[in-house]
Amino acid sequence: MSQLKSPKPAKLIIGYFLKERSLAGPVTEALTERFGPTDLISPWIPFDYTDYYTKEMGRPLFRRILTFTNLIEQDDLPGIKLITNGLEEQWAKEDLRQVNIDPGFLVASRFVLASGKDFTHRIYIGQGIYADLTLIYTKDRFQPLPWTYPDYQSEPVQQFLVKVRQKYIIDTDGKIR
Amino acid sequence: MTLNPELLKMLACPQCKGPVEVNAEESALTCSTCKLVYAIEDDIPIMLVDEARPLDD
């Protein structure tokens, strides 16, 4: 019988994409007000892998990823997703989102995103939210899975997440593998 | 109340996973088992244990 252990604290990562980059300031302010200071911020990454959001949000779209200094408990993810869903609604105009916010977390071995949609590979984690195992870390990089979104497979995002992982290892005194 | 009724059905106390009830002012959700109150701010339920306040506060 296995010995139960408390789950490791995780690095909160919130990606967002939008058309109007002038919204970045208010988005960041709202997220830091709720989740604390950011530590790593990605450059703007073109979000052009799909036309799925064009009708709702327009184009071109741009993604940015923020990480937060304060580590989270892994089971905070549903509550965090509810908050970011609420923020999306607050910025929506006539029910059309101006910003799409994707919270998730990273631990040494994997990167997980929260989703409100059920799917074959997603696990229900409460409050109407599912966990999507988006990337696993093995052979010195984050490996995509068959369902990984194309932008999370891209080289700019991969490079950023490797840096985030390095910081996470440092922040947790190198004891977490 | 502007909280989506369908969402309200799915919400649970993040600590004990038990049911929560909306208060009379519709400004918070209460877990009577854990005696914790989760705020609703700008129509957003804050379902984080660290941000809950004790019921008796």
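Computation of the quantities below employed the complete heavy-atom set of this structure, encompassing side-chain atoms and omitting hydrogens, waters and symmetry-equivalent molecules. Nothing here was measured: the structure is a model prediction, and the numbers come from that model. Each chain gets a letter, A, B and so on, in the order the sequences are listed, and its residues count up from 1.
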Quiz item: Does CD in Glu33(A) sit with more than 12 non-hydrogen atoms of other residues, nucleotides or ligands closer than 6.0 Å?
Solution: no
Exercise. Check the surroundings of atom CG in Asp118(A): do more than 12 heavy atoms from other residues, nucleotides or ligands lie under 6.0 Å from it?
Key: yes
Exercise. For Glu21(B), check side-chain contact (heavy atoms from CB on, under 4.5 Å) against everything at least two apart and list the hits.
Key: none
Quiz item: Taking only residues two or more places apart in sequence or in another chain, which ones pass side-chain contact (heavy atoms from CB on, under 4.5 Å) with Pro156(A)?
Solution: Ile45(A), Ser154(A)
Are [X] and [Y] joined in one hydrophobic group, where the rule is that I, L, V, M, F, W and Y side chains link up if heavy atoms are under 4.5 Å apart?
X	Y	value
Ile44(B)	Val20(B)	yes
Ile46(B)	Ile101(A)	yes
Phe68(A)	Val112(A)	yes
Leu18(A)	Leu61(A)	no
Tyr38(B)	Met10(B)	no

Quiz item: For Leu48(B) and Glu73(A), what are the C-alpha separation, side-chain angles and deciding distance, and is it a side chain to side chain contact (heavy atoms under 4.5 Å, CB included)?
Solution: CA-CA 10 Å; Leu48(B) 297 170; Glu73(A) 299 302 322; over 6 Å; no
Quiz item: Picking from Glu6(B), Lys17(B), Glu51(B), which has the most non-hydrogen pairs under 4.5 angstrom with chain A?
Solution: Glu51(B)
Quiz prompt | Contact residues of residues 123-133 of chain A (partner chain B; heavy-atom separation under 4.5 angstrom) | solution = Tyr124(A), Gln127(A), Gly128(A)
Quiz item: chain B contacts: which residues in residues 81-94 of chain A have a non-hydrogen atom closer than 4.5 Å to it?
Solution: Leu82(A), Ile83(A), Gly86(A), Leu87(A), Gln90(A)
Practice problem: Examine whether an atom of Ile80(A) lies under 4.5 Å from a heavy atom of chain B, and if so say whether it belongs to the side chain, the backbone or both; otherwise answer neither. | Solution: both
